[in-house]
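Structure record follows, encoded as structure tokens.
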2 protein chains.
Amino acid sequence: MVNKKCIIRLLRYKNALHRLNSLGFVRVFSDNLADAVGVTASQVRKDFSLFGICGNKRGGYQIETLLEKLNHILGKNEQQKVVIVGGGNIGAALMKYKGFEKEGVKIAACFDIDPAKYNHREGDIPVLPLEQLKDFVRQHHIRIGVIAVPDIAAQQVLDFMLAAGIKGILNFAPIRLRAASDCVINNVNLVLELETVIYFIINGTESSINNRHIG
Amino acid sequence: MVNKKCIIRLLRYKNALHRLNSLGFVRVFSDNLADAVGVTASQVRKDFSLFGICGNKRGGYQIETLLEKLNHILGKNEQQKVVIVGGGNIGAALMKYKGFEKEGVKIAACFDIDPAKYNHREGDIPVLPLEQLKDFVRQHHIRIGVIAVPDIAAQQVLDFMLAAGIKGILNFAPIRLRAASDCVINNVNLVLELETVIYFIINGTESSINNRHIG
DNA sequence: GATTTATTGTTCAAAAAATCACAATAACTA
DNA sequence: TAGTTATTGTGATTTTTTGAACAATAAATC
Ligand SMILES: NC(=O)c1ccc[n+]([C@@H]2O[C@H](COP(=O)([O-])OP(=O)(O)OC[C@H]3O[C@@H](n4cnc5c(N)ncnc54)[C@H](O)[C@@H]3O)[C@@H](O)[C@H]2O)c1
Ligand SMILES: NC(=O)c1ccc[n+]([C@@H]2O[C@H](COP(=O)([O-])OP(=O)(O)OC[C@H]3O[C@@H](n4cnc5c(N)ncnc54)[C@H](O)[C@@H]3O)[C@@H](O)[C@H]2O)c1
């Protein structure tokens, strides 16, 4: 019922509403949102209905209250702190990115085994030895972590993170992780994402793909 | 019929087979693959059946021939060349990553508007002025491109890439792109991926999530 | 070579997701 | 204020996706 796809749609609605809000709009209709996110208006209303969000018949939805409700549902009222393990290419890109804070996500620290990566510069996100992960996570009550280490190290790192108390994982390593304890793992496989595009370009031309968003 | 999810599964089977192959295995059963990829054995056989792939009853599948068939279906027999537009955090991370070549994906060049990013060093992937995109794409017959520019620039960059002849896009900018001509767009929204994990950690604890891969 | 066994390929059923359709009704209009 | 209109909220329907079941059968065994 509350599956991943549905949550992702809610998050997208929220983003679209942010934009509309900052453009000065006050209310919105289901089909505006549908357009902005790329779904049908029915889908928007069904999703809202599922979470008990209601608007005004004929009047649409008040953007401000809608945002409040979505933020409440999505737990976006307080900033969420996150750690990264692996300060290489991907880890560094994530640390340098300013877009997380705007969405209420704070990258609290990064952990690595390579001393060359350690960094305590004021203002930067600290990059610390992996051994400090457990203490850090406990001290800051962190439940979410990103895995950005090479695939061969990923399983071991996962186990270590779970032992430290991490419950939710965003995993960039292209392997299927095994977890004993209860946790949530979301995998991002960038090679796969690119290969998917390649497939549809090679094999999709004859089947008249017109400007299709495949994800 | 041949939807994105199915293609992604095929790509995952292919990856799993690669691993098994390099471990010295010669044949594989549907439930091995299912395990490796996180689906049911029925699903594996159904997917293969859909593409006319068949193994031997009681004998499973010959890994080598299976890989050949998958590579043929997925168009992975020749190396695919790709360009990146935007040599910032994400663009640079992608360029430094060695994992694409192994999967037959070659990042041919990157394009940027910031002269500080230009790079002609022998051995490195070249970073060139955006104006050179069209010629480069034509000369190298490139059909796939990655968008790794700030969201405000993304639509304009897309239009430029399509005009240059690019047909397939992997887009990292967190906006919904509009495309007039026929093309395929695959969106990767990393903030969303992280927010999804956060949602399931905040709201999922009571509903007894056990070690669930949500993507 | 006959018998047993394990695994495929496919059909059918179930579950999940998306879409349709429309009554209910709040907001506009005159 | 009465009438009209546009939009919601949701039950019904369709489509898509997944899983279970099992006959067919190739490999293994004896
Ligand atoms: N960079 C990309 O564009 C890209 C693309 C697709 C997939 N990936 C995947 O993302 C992951 C990270 O890729 P990357 O390019 O950033 O790799 P990288 O090699 O640049 O960085 C990995 C970092 O992890 C650290 N590390 C290694 N073992 C560790 C351990 N046991 N504990 C803590 N830290 C450890 C290393 O010191 C290094 O800093 C990999 O699994 C890769 O396959 C990356
Ligand atoms: N870095 C991350 O971890 C991260 C996370 C989530 C989303 N994203 C998204 O990915 C995209 C890239 O992020 P980033 O952190 O790499 O950004 P960045 O600012 O580091 O890099 C952007 C690059 O694009 C170039 N550029 C700007 N306008 C251009 C144009 N019109 N044509 C060509 N090049 C242009 C800039 O010169 C710069 O080199 C953004 O849309 C961002 O929202 C990034």
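Bear in mind that the values here come from a model prediction, so they are computed numbers and not experimental data. Only this structure's heavy atoms are used, side chains among them; waters, hydrogens and symmetry mates stay out.
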Original post:
B:Ile53 CD1 to C:dT8 P: how many Å, rounded?
Top reply: 13 Å
With the criterion being N/O to N/O and under 3.5 Å, what pairs connect the protein with nucleotides 25-30 of chain D, and how long is each?
{"from": "D:dA26", "atom 1": "O4'", "to": "B:Lys57", "atom 2": "O", "distance (Å)": "3.2"}

Original post:
Touch check for B:Lys5, heavy atoms < 4.0 angstrom, all strands: base, sugar-phosphate only, or nothing?
Top reply: sugar-phosphate
**OP:** Rounded to the nearest angstrom, tell me the gap between atom CZ in A:Phe29 and atom P in C:dA26.
**Re:** 15 Å
**OP:** Nearest whole angstrom, please: distance from the P of D:dT18 to the CG of B:Leu50.
**Re:** 12 Å
Original post:
Any side-chain N or O of A:Ser49 less than 4.0 Å from the OP1 or OP2 oxygen of D:dT10?
Top reply: yes
Subject >> All pairs passing ring-ring contact (aromatic ring centres under 6.0 Å, His included) where residues 4-40 of chain B contributes a residue, at least two apart >> reply: B:Tyr13-B:Phe48
Original post:
Whole Å only: how far is the CG atom of A:Asp47 from the P atom of C:dA18?
Top reply: 8 Å
Subject >> Short N-O contact, A:Lys117 and A:Asp114, less than 4.0 angstrom >> reply: yes
**OP:** Describe the nucleic acid contact of A:Phe48 in one word from base, sugar-phosphate, nothing, applying a heavy-atom distance below 4.0 Å.
**Re:** nothing
**OP:** Could you state the atom-to-atom distance from CZ of A:Arg45 to P of C:dC20 in whole Å?
**Re:** 11 Å
Under 3.5 Å, sequence neighbours excluded: what are the donor-acceptor pairs made by side chains of residues 153-164 of chain A?
{"from": "A:Gln155", "atom 1": "OE1", "to": "A:Arg178", "atom 2": "N", "distance (Å)": "2.9"}
{"from": "A:Gln155", "atom 1": "NE2", "to": "A:Asp159", "atom 2": "OD1", "distance (Å)": "3.1"}
{"from": "A:Gln155", "atom 1": "NE2", "to": "A:Arg178", "atom 2": "O", "distance (Å)": "2.7"}

**OP:** Please report the shortest heavy-atom distance between B:Lys81 and B:Ile142, naming the atom on each side.
**Re:** O-CG2, 3.7 Å
Subject >> Nearest-angstrom distance from the residue atom CD of A:Gln62 to P of C:dA26 >> reply: 16 Å
Original post:
Side-chain contact, heavy-atom cut-off 4.5 Å: A:Ile202 with B:Arg143?
Top reply: yes
Original post:
Should B:Glu195 and A:Arg12 count as an ion pair when the cut-off is N to O under 4.0 Å?
Top reply: no
Original post:
Any side-chain N or O of A:Tyr61 less than 4.0 Å from the OP1 or OP2 oxygen of C:dA26?
Top reply: no
Subject >> Rounded distance in Å - CD (A:Gln43) to C1' (D:dT16) >> reply: 13 Å
Original post:
Does B:Asn3 place a side-chain N or O at less than 4.0 Å from the phosphate oxygens OP1/OP2 of D:dT16?
Top reply: no
Result block: side-chain N/O donor-acceptor pairs under 3.5 angstrom for residues 55-74 of chain B, not counting sequence neighbours:
{"from": "B:Thr65", "atom 1": "OG1", "to": "B:Gln62", "atom 2": "O", "distance (Å)": "3.1"}
{"from": "B:Asn71", "atom 1": "ND2", "to": "B:Leu67", "atom 2": "O", "distance (Å)": "3.3"}

**OP:** Search all heavy atoms of B:Val44 against all heavy atoms of B:Ser30 and return the closest pair with its distance.
**Re:** CG2-O, 3.8 Å
Original post:
Does B:Lys46 get its side chain close enough to the base of D:dG19, under 3.5 Å, for a donor-acceptor pair?
Top reply: yes
Subject >> Selection residues 91-105 of chain A - residue pairs positive for salt bridge (charged side-chain N to carboxylate O under 4.0 Å, His left out), sequence neighbours left out >> reply: A:Lys14-A:Glu103, A:Glu101-A:Lys106
Original post:
Under a 4.0 Å heavy-atom cut-off, which of residues 30-37 of chain B touch DNA chain C?
Top reply: B:Ser30
Original post:
With a 4.0 Å cut-off on heavy atoms, is A:Thr40 in touch with a base, just the backbone sugar-phosphate, or nothing at all?
Top reply: sugar-phosphate
Subject >> Interatomic spacing from OH in A:Tyr199 to NZ in B:Lys4 - rounded to 0.5 Å >> reply: 14.0 Å
Original post:
When only distance counts, do a donor and an acceptor, one from the side chain of A:Ser42 and one from the base of C:dA18, lie under 3.5 Å apart?
Top reply: no
